[in-house]
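Working notes for the structure below.
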Amino acid sequence: MECKYYRQLDNGRVECLLCPHHCKIANGKTGICRSRRNKDGVLVSEVYGKPCSLAIDPIEKKPLYHFHPGTKCLSIACTGCNFRCLNCQNHEISQVSPSDVGHYDLSPQQVVDLCLEHHCPGIAYTYTEPLTYLEYIVDTARLAHENGLWNILVTAGYVCQEPLADLLPYLDAANIDLKSFSDETYQKVSGGHLQPVLDTILAMQKAGVWIELTNLIIPDVNDDMTMIREMCRWIADNGLANNPLHFSRFFPRYKMADIPPTPIHTLKEAKQIAEEEGMKYVYLGNV
């Protein structure tokens with residue numbers, strides 16, 4: 001499947017325009033996400049219609065606490081991610097190439113049919129980074145809306161604004177992983193930058209998408225309370241004080257296996273700070 005967001009360069013290279021990395025990809029190679037490949041000057045998605053994971057989940061697992069609580073959703077994921085988080089919870093499918101794991105063959109219509117068959121009111125694009133297979137999501141989400149289904153995105157929010165604009169009309173809710181409020185930490189831990197994530201949050205808010213935010217607190221990485229206060233102040237000042245904020249507890253994982261779990265008192269302190277800054281609904285996760 002040819003990707004929509006790219007341009008051709010010299011010497012057979014292409015530049016992917018989907019996310020802020022703007023990968024310049026030689027013939028036969030992939031970008032950072034591993035799922036978009038240059039084939040003779042044409043950028044193709046190697047995961048379109050090939051989800052690697054399917055499940056029926058409670059909507060609270062996303063986590064979404066204030067969007068149709070008590071309902072279930074069909075969760076779907078394809079391999080790939082445009083971040084390289086050292087603490088990745090799903091690295092077995094997000095930090096690998098499509099050829100490294102098995103997959104289903106499901107067209108957008110078949111995904112919708114599966115959702116209807118199992119009486120799920122919505123589809124959640126989740127587990128990995130769904131924005132890396134945005135074309136597949138847009139085609140599926142459009143059909144989902146035509147069939148009265150919701151579309152839910154669980155994302156790190158690292159995407160360019162033009163591709164995001166193609167998805168927003170079909171998006172009903174999103175949980176955005178705001179990993180830190182430090183650009184330095186984003187670069188060190190995830191291999192990206194903070195500002196594009198903030199831009200995604202504001203674009204979704206403007207489009208009327210229901211937003212919930214998650215901040216995974218990692219000891220000695222992003223647990224500085226001054227930074228957490230600054231983050232909460234930005235959230236509240238930008239009209240999101242009534243949107244849930246989930247502080248999630250870290251457990252040793254992937255390339256951060258030597259870091260201890262987040263102390264409960266750290267989460268409680270972050271919650272208190274968020275409430276002091278005007279956040280109305282603050283939840284603690286993984287506790």
Verdict with supporting geometry, Tyr133 and Tyr48, ring pair (Phe, Tyr, Trp, His ring centres under 6.0 Å): CA-CA 7 Å; Tyr133 52 95; Tyr48 186 102; 9.4 Å; no
Would the distance check show the side chain of [X] and the main-chain N or O of [Y] forming a donor-acceptor pair, the cut-off being under 3.5 Å?
X: Ser97; Y: Ser99; result: no
X: Arg84; Y: Ile32; result: yes
X: His145; Y: Tyr170; result: yes
X: Asn286; Y: Arg249; result: yes
X: Thr128; Y: Cys78; result: yes
X: Thr200; Y: Pro196; result: yes
X: Gln110; Y: Ser107; result: yes
X: Asn27; Y: Gly12; result: no
X: Gln89; Y: Tyr254; result: no
X: Gln8; Y: Gly41; result: yes

For [X] versus [Y], what's the shortest heavy-atom pair and its separation?
X: Val47; Y: Ser35; answer: CG1-CB, 3.9 Å
X: Met204; Y: Leu164; answer: CE-CD1, 4.2 Å
X: Cys73; Y: Ala124; answer: SG-CB, 3.8 Å
X: Pro219; Y: Pro260; answer: CG-O, 3.4 Å
X: Asn147; Y: Leu116; answer: OD1-CD1, 3.8 Å
X: Leu267; Y: Gly285; answer: CD1-O, 4.5 Å

Does a side-chain heavy-atom distance below 4.5 Å link [X] with [Y]?
X: Ser180; Y: Met227; answer: yes
X: Asp100; Y: Thr79; answer: no
X: Asp223; Y: Thr262; answer: no
X: His118; Y: Ile56; answer: yes
X: Trp150; Y: Thr71; answer: yes
X: Val209; Y: Leu168; answer: yes
X: Ile264; Y: Thr266; answer: no
X: Leu167; Y: Leu131; answer: yes

Worked check of salt bridge (Lys or Arg N to Asp or Glu O under 4.0 Å) between Arg7 and Glu15: CA-CA 5 Å; Arg7 68 187 183 99; Glu15 179 180 4; 2.7 Å; yes
Modelled atom types, side-chain donor and acceptor of [X] and [Y], under 3.5 Å:
X: Tyr125; Y: Asn151; result: yes
X: His246; Y: Glu212; result: yes
X: Lys50; Y: Ser45; result: no
X: Asn175; Y: Thr214; result: yes
X: Glu129; Y: Thr155; result: yes
X: Asp57; Y: Tyr127; result: yes

Distance, nearest 0.5 Å, that separates [atom1] of [X] from [atom2] of [Y]:
X: Glu146; Y: Gln109; atom1: CD; atom2: CD; result: 8.5 Å
X: Cys160; Y: Leu17; atom1: SG; atom2: CG; result: 7.0 Å
X: Gln205; Y: Asn238; atom1: CD; atom2: CG; result: 6.5 Å
X: Ile25; Y: Cys16; atom1: CD1; atom2: SG; result: 5.5 Å
X: Ile228; Y: Gln272; atom1: CD1; atom2: CD; result: 12.5 Å
X: Met279; Y: Leu240; atom1: CE; atom2: CG; result: 7.0 Å

Worked verdict on Tyr186 versus His193 for ring pair (Phe, Tyr, Trp, His ring centres under 6.0 Å): CA-CA 5 Å; Tyr186 257 92; His193 294 278; 8.6 Å; no
Check against side chain to side chain contact (heavy atoms under 4.5 Å, CB included), Leu284 and Lys268: CA-CA 8 Å; Leu284 304 185; Lys268 290 182 176 179; 4.2 Å; yes
Same apolar cluster (I L V M F W Y, side chains within < 4.5 Å links), [X]/[Y]:
X: Ile201; Y: Leu153; result: yes
X: Leu149; Y: Tyr136; result: yes
X: Val282; Y: Leu178; result: yes
X: Leu134; Y: Val197; result: yes
X: Ile273; Y: Phe250; result: no

Run the salt-bridge test on [X] and [Y] with the 4.0 Å N-O cut-off and return the result as yes or no.
X: Lys29; Y: Glu46; result: no
X: Lys271; Y: Glu275; result: yes
X: Asp237; Y: Arg233; result: no
X: Arg229; Y: Glu276; result: yes

Taking everything shown except [X] itself, do over 12 heavy atoms lie less than 6.0 Å from its [atom1]?
X: Glu162; atom1: CD; result: no
X: Glu184; atom1: CD; result: no
X: Asp220; atom1: CG; result: no

Derivation of the side chain to side chain contact (heavy atoms under 4.5 Å, CB included) call for Val221 and Leu86: CA-CA 11 Å; Val221 174; Leu86 301 179; over 6 Å; no
Side chain to side chain contact (heavy atoms under 4.5 Å, CB included) assessment of Ile211 paired with Leu213: CA-CA 7 Å; Ile211 297 170; Leu213 300 172; 3.8 Å; yes
Ring centroid separation Tyr65 to Tyr283 under 6.0 Å: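 That pair passes the under 6.0 Å test.
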Verdict with supporting geometry, Phe247 and Leu216, side chain to side chain contact (heavy atoms under 4.5 Å, CB included): CA-CA 6 Å; Phe247 286 117; Leu216 177 73; over 6 Å; no
